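Take a look at the structure set out below.
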Amino acid sequence: MTQRVRAIWRLAALFVRESRVKSAADAPIHRVLRSFAAGARSRDATRLTQRVPVLQNLSGVLGMASGLLAQHPGLAETAVRVALAELDALKTPLKDAPLRRALETALPPGRAAALIDVEAEPECCGIAQQTHRVLIVLDTTPRSAGSAAPVAARITLIRTDTRAELAQDLDVANSAARLAGRFSREVREQNVGALIARLTESITGMLDLRQRAADQSFLRYRLREVNKDSRVVVPEVLWDFCSDTVLVTRAVRSVPLSDADALRAHGLDPARLIATWIAVFFETALGEGVFHAGLEAAGAAVSIEPDTLGALVLDGDSPLTFFAAHERSFLVAGSHALLHGDHKAAAREHMQHGRPGEHEPQHAVRVEATYRREAERFAGDAQRHRTAADLFTALSKGPLEHAFGDAHTGIASRAALLARSVQGIEETARRLAPDVDVWSIARRVILRLALDQFSSHGLVAQLAKEAVHWPHALPRVPNLLHDWVMRQNRRNADSRSAR
């Protein structure tokens, strides 16, 4: 505890000292964050991790995220998500007996015995997680334990020691920021505490495997049962084996989308699959409001199972990101407006999610000027020299430069996340299928989604999607009406007695 108190005081002193150094090109908060990162990699005697030894894991995350944070602190969620996805395991993955013991602790009581075989080498690793292929017996009752056939599954385990260290790092940084805020007006103005709170929320959510299992199940239901989309397969979550530190799903044999030879060996056309992949990415992100790392260039895979051959596989290794309804609406409407060179429509959409104060009317003019500048880059023949990544980068500039509320920060974060992913998709498509035009596919999807959003056809489509919930909701209507009538009667009775 003494070491932790010293770490908090030293980190608070660092916050205060750095905040007092004025530099327009390098804001103090960014130097503080980069100091975390430098401390983990420096080998000299004065490195930060020797002075504040509990910051080793947080330093790795902030080291990956510092570039984006230095430009736009409001994009903390996107920066942390990208850093966690790209960081390799900071420690040697568990194997053999330690892995078995960790699984026995993480799995629900009695479920560890169902693991018939666990591959020693993990398929993939992250900062605090590792994923293995396993053979598992679903029915573990004594009468069928000997005859039940094992099924192939994938098990993702969270390293509880690393997760606890990250939580401690964030707690120390948060305590130091609050302490520094008491002594430094600059620290309060930079709102360092709010930034660290966003980092904490992002990291905690991404390492919660029970929430990830729920998200994966929802996506499976949405794409399979509601949309009947055969282009995508979302493996089933085996809920009896899941906890907040372990996620188990059925395994789907697949090959990377980037392996053209393997695709051809299974009778699949790489160019056609890439075109399908691009369309599915934009439809899922902008149509469903779901961002899944399984659709990014580095993680895209294609099923080679007989019943789902050629379908894109969305495994549960990576957390999903859900776009709020207003975020998805802005991305669709804003993209549509920029594609048509309608900067006024884009500015109106911006103002719907937050307006400047009444004493700052000039900001409204600046908002429209920003969208006018970006719309000119995409209208008419200018589109030939732009990419889909450019479109989402342009879409993030308005909310970043004119953030009048938290909604604008969230919108900018989503647009930046899409821009980064689309850039990887475009690079992969150019390398593997140069004849596939990413821009035309993205444009076609955006125009169709905009038509659905603004037309009567869109209302009918939305009602059709929601109709699947009606059989569950309609039987409750009489009870709800009865409760409402009873409340109205009691309210009237109380008002009469009061007279």
Side-chain angles (χ1 to χ4, degrees), residues 131 152-154 156 209-239 242 247-257 268 272-325 327-329 331-332 414 417-418 421-422 425 441-442 444-446 448-453 457-458 460-472:
T131 300
R154 301 176 85 248
T156 299
L209 291 191
R210 194 179 294 278
Q211 181 60 51
R212 195 184 303 181
D215 295 342
Q216 188 81 353
S217 291
F218 171 79
L219 184 62
R220 174 181 169 85
Y221 163 76
R222 191 71 185 180
L223 297 181
R224 181 183 178 185
E225 304 297 334
V226 178
N227 295 354
K228 310 294 183 184
D229 193 342
S230 60
R231 301 170 299 173
V232 179
V233 55
V234 182
E236 177 188 3
V237 174
L238 304 178
W239 279 101
C242 293
L247 168 64
V248 183
T249 63
R250 288 186 182 271
V252 177
R253 291 187 302 128
S254 62
V255 296
L257 182 63
L268 299 171
R272 180 177 297 179
L273 283 174
I274 288 175
T276 301
W277 167 51
I278 296 168
V280 168
F281 176 87
F282 286 104
E283 290 173 8
T284 304
L286 300 179
E288 298 296 330
V290 178
F291 182 92
H292 197 295
L295 290 174
E296 290 189 283
V302 180
S303 171
I304 55 174
E305 298 282 2
D307 55 339
T308 58
L309 181 65
L312 298 165
V313 181
L314 300 184
D315 278 314
D317 300 337
S318 301
L320 284 70
T321 299
F322 287 90
F323 297 174
E327 294 169 348
R328 185 180 64 83
S329 174
L331 291 171
V332 174
R414 305 311 186 204
L417 181 61
L418 287 178
S421 297
V422 172
I425 289 174
I441 297 174
R444 183 169 63 249
V445 172
I446 290 171
R448 178 173 57 78
L449 292 175
L451 178 64
D452 290 344
Q453 184 167 310
H457 171 73
V460 173
Q462 183 64 28
L463 290 175
K465 285 185 177 182
E466 298 299 332
V468 297
H469 302 290
W470 293 351
H472 305 284

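If you read the sequence from its start, that first residue is 1, and numbering goes on from there. Since the model is a prediction, treat every value here as computed from it, not as a measurement.
In terms of heavy-atom proximity, Leu314 sits nearest to Pro235 at O-CD, 3.1 Å. Across all non-hydrogen atoms, the minimal contact from Arg220 to Val234 is NH1-O, 2.7 Å. Closest approach of Gly310 and Leu273 over heavy atoms only: O-CD2, 3.3 Å. Ala214 approaches Trp239 most closely through the heavy-atom pair N-CH2, 3.5 Å. Shown here for Leu449 and Val332, the closest heavy-atom pair between the two residues is C-CG1, 3.9 Å. In terms of heavy-atom proximity, Leu418 sits nearest to Ala285 at CD2-CB, 3.8 Å.
The line from CZ of Arg222 to CG of Asp215 is 14.0 Å long, rounded to the nearest 0.5 Å. Distance check, rounded to the nearest 0.5 Å: OG1 of Thr321 to CD of Glu327 gives 10.5 Å. The CG atom of Leu331 lies 9.5 Å from the CZ atom of Arg414; values are rounded to the nearest 0.5 Å.
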Verdict with supporting geometry, Ile446 and Leu286, side chain to side chain contact (heavy atoms under 4.5 Å, CB included): CA-CA 8 Å; Ile446 290 171; Leu286 300 179; 3.9 Å; yes
Step-by-step salt bridge (charged side-chain N to carboxylate O under 4.0 Å, His left out) determination, Arg231 to Glu283: CA-CA 12 Å; Arg231 301 170 299 173; Glu283 290 173 8; 2.5 Å; yes
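For the pair Leu312/Trp277, a side-chain contact is recorded, criterion being any heavy-atom separation below 4.5 Å from C-beta on. Taking 4.5 Å as the limit, every side-chain heavy atom of His292 sits out of range of all side-chain heavy atoms of Thr284. Cys242 has its side chain within reach of Val237: a pair of non-hydrogen atoms, C-beta onward, lies under 4.5 Å apart. Considering only heavy atoms from C-beta on, Arg224 stays 4.5 Å or farther from Asp229 through its side chain.
A distance-only check finds a donor-acceptor pair linking the side chain of Thr276 to the backbone of Arg272 [under 3.5 Å].
A salt bridge links Arg154 with Asp315: the closest approach of a Lys/Arg side-chain nitrogen to an acidic carboxylate oxygen falls below 4.0 angstrom.
Using cut-offs of 30° and 60° for the angle between ring planes, the Phe281 and Phe291 rings count as perpendicular.
Remark: Arg212 engages no residue in a salt bridge (Lys or Arg N to Asp or Glu O under 4.0 Å) (not counting sequence neighbours).
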Could you pull out all donor-acceptor pairs under 3.5 Å where a side-chain atom in residues 293-306 meets a protein atom, sequence neighbours excluded?
{"unit_1": "Glu296", "atom_1": "OE2", "unit_2": "Arg420", "atom_2": "NH1", "d": "3.1"}
{"unit_1": "Glu296", "atom_1": "OE2", "unit_2": "Ser421", "atom_2": "OG", "d": "2.8"}
{"unit_1": "Ser303", "atom_1": "OG", "unit_2": "Glu305", "atom_2": "N", "d": "3.2"}
{"unit_1": "Ser303", "atom_1": "OG", "unit_2": "Thr308", "atom_2": "O", "d": "3.3"}
{"unit_1": "Ser303", "atom_1": "OG", "unit_2": "Thr308", "atom_2": "OG1", "d": "2.6"}
{"unit_1": "Glu305", "atom_1": "OE2", "unit_2": "Arg253", "atom_2": "N", "d": "3.0"}

